[in-house]
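Everything below concerns the one structure shown next.
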Amino acid sequence: LEMNKPIVLVQEADPTKGGGTMEELREDCPETLQRSIFEMDRPHAVWMRAEEFQRVSLKIIAEALLLCTPAYMNKVSLPLCIADEPRIASFDFSKQVT
C-alpha cells in the first residue's frame with residue numbers, strides 16, 4: 001500500500017485451502033489495513049480449482065494489472081485470451097434460436 005502498487009483481491013473458493021467469504025478474509029486482515037484494501041473498489045477474482053475457472057481468474061488478474069500500466073491506462077477493458085482456449089466466436093447453434 002505504501003508503494004501505491006495495484007492490488008487485485010484474489011479469493012480462494014475452497015475452504016479446505018484457506019478460502020472463505022470476503023467478510024471472513026476482511027476479518028483476518030489487520031484492522032488498520034481493512035479499509036484501504038477492501039473498500040477501495042479493487043478488482044476481485046475468485047480462485048477456483050477447476051482449470052477452466054482458473055483461466056477466467058488469471059485473465060481477471062492480468063487485465064486488472066495491465067490496466068494500471070501506462071500502455072493501457074486509457075482503456076477500461078482488454079480482450080485477453082489464453083492460447084488454445086475456445087473463443088466465443090467458435091460456438092454456434094446448429095439451428096436458429098428464437
Side-chain angles (χ1 to χ4, degrees):
L1 291 171
E2 291 174 5
M3 297 178 75
N4 201 29
K5 293 195 176 209
I7 294 175
V8 178
L9 301 177
V10 181
Q11 176 188 2
E12 169 64 60
D14 186 345
T16 65
K17 305 281 188 196
T21 66
M22 287 303 284
E23 280 302 314
E24 291 169 334
L25 298 175
R26 182 186 173 117
E27 289 171 9
D28 288 344
C29 181
E31 193 171 324
T32 56
L33 299 175
Q34 287 180 6
R35 182 180 163 119
S36 298
I37 293 174
F38 292 94
E39 295 180 17
M40 301 303 288
D41 195 33
R42 298 189 187 280
H44 171 226
V46 177
W47 188 257
M48 304 276 196
R49 295 289 158 168
E51 181 181 351
E52 294 80 10
F53 294 115
Q54 285 179 350
R55 291 174 184 233
V56 174
S57 297
L58 287 171
K59 289 196 295 188
I60 291 169
I61 295 165
E63 179 184 53
L65 296 177
L66 284 169
L67 289 172
C68 295
T69 64
Y72 300 107
M73 280 185 158
N74 62 339
K75 306 274 185 189
V76 293
S77 67
L78 297 171
L80 300 181
C81 63
I82 296 174
D84 299 327
E85 91 178 328
R87 304 270 196 281
I88 193 72
S90 66
F91 296 107
D92 198 3
F93 291 105
S94 59
K95 296 179 183 177
Q96 183 176 355
V97 178
T98 57

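A 4.5 Å side-chain heavy-atom check between Gln11 and Leu25 finds at least one atom pair inside the cut-off. Side-chain contact between Ser57 and Val10 is absent, with no heavy-atom pair separated by less than 4.5 Å.
Take Glu12 and apply the side-chain hydrogen bond (donor to acceptor under 3.5 Å, both in side chains) test, not counting sequence neighbours, and it matches Arg49. Partners of Glu27 under the side-chain hydrogen bond (donor to acceptor under 3.5 Å, both in side chains) rule, at least two apart in sequence or in another chain, do not exist in this structure. With sequence neighbours left out, the side-chain hydrogen bond (donor to acceptor under 3.5 Å, both in side chains) criterion links Glu23 to no other residue.
Each of Val56 and Ile82 belongs to its own hydrophobic cluster when Ile, Leu, Val, Met, Phe, Trp and Tyr are linked at side-chain heavy-atom distances under 4.5 angstrom. Linking ILVMFWY side-chain heavy atoms closer than 4.5 Å, directly or via other members, places Ile61 and Leu9 in two distinct hydrophobic clusters.
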Show every donor-acceptor pair shorter than 3.5 Å between a side-chain atom in residues 65-79 and any protein atom, with sequence neighbours excluded, or say none if there are none.
from: Thr69; atom 1: OG1; to: Leu66; atom 2: O; distance (Å): 2.6

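A side-chain hydrogen bond (donor to acceptor under 3.5 Å, both in side chains) check over residues 29-43, counting only residues at least two apart or in different chains, returns the pairs Arg26-Gln34, Arg26-Glu39. Applying the salt bridge (charged side-chain N to carboxylate O under 4.0 Å, His left out) test to residues at least two apart or on different chains, the pairs with a partner in residues 52-67 are Glu51-Arg55, Lys59-Glu85.
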Check against side chain to side chain contact (heavy atoms under 4.5 Å, CB included), Leu58 and Trp47: CA-CA 9 Å; Leu58 287 171; Trp47 188 257; 3.9 Å; yes

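Here Val46 is tied into one hydrophobic group with Met48, Phe53, each link being a pair of ILVMFWY side chains closer than 4.5 Å. Met40 belongs to no hydrophobic cluster, as no Ile, Leu, Val, Met, Phe, Trp or Tyr side chain comes under 4.5 Å of its own.
Once rounded to the nearest 0.5 Å, the distance linking CG of Leu33 with CZ of Phe38 reads 9.5 Å. Interatomic distance, CD1 of Ile7 versus CG of Leu1, reported as 4.5 Å (0.5 Å rounding).
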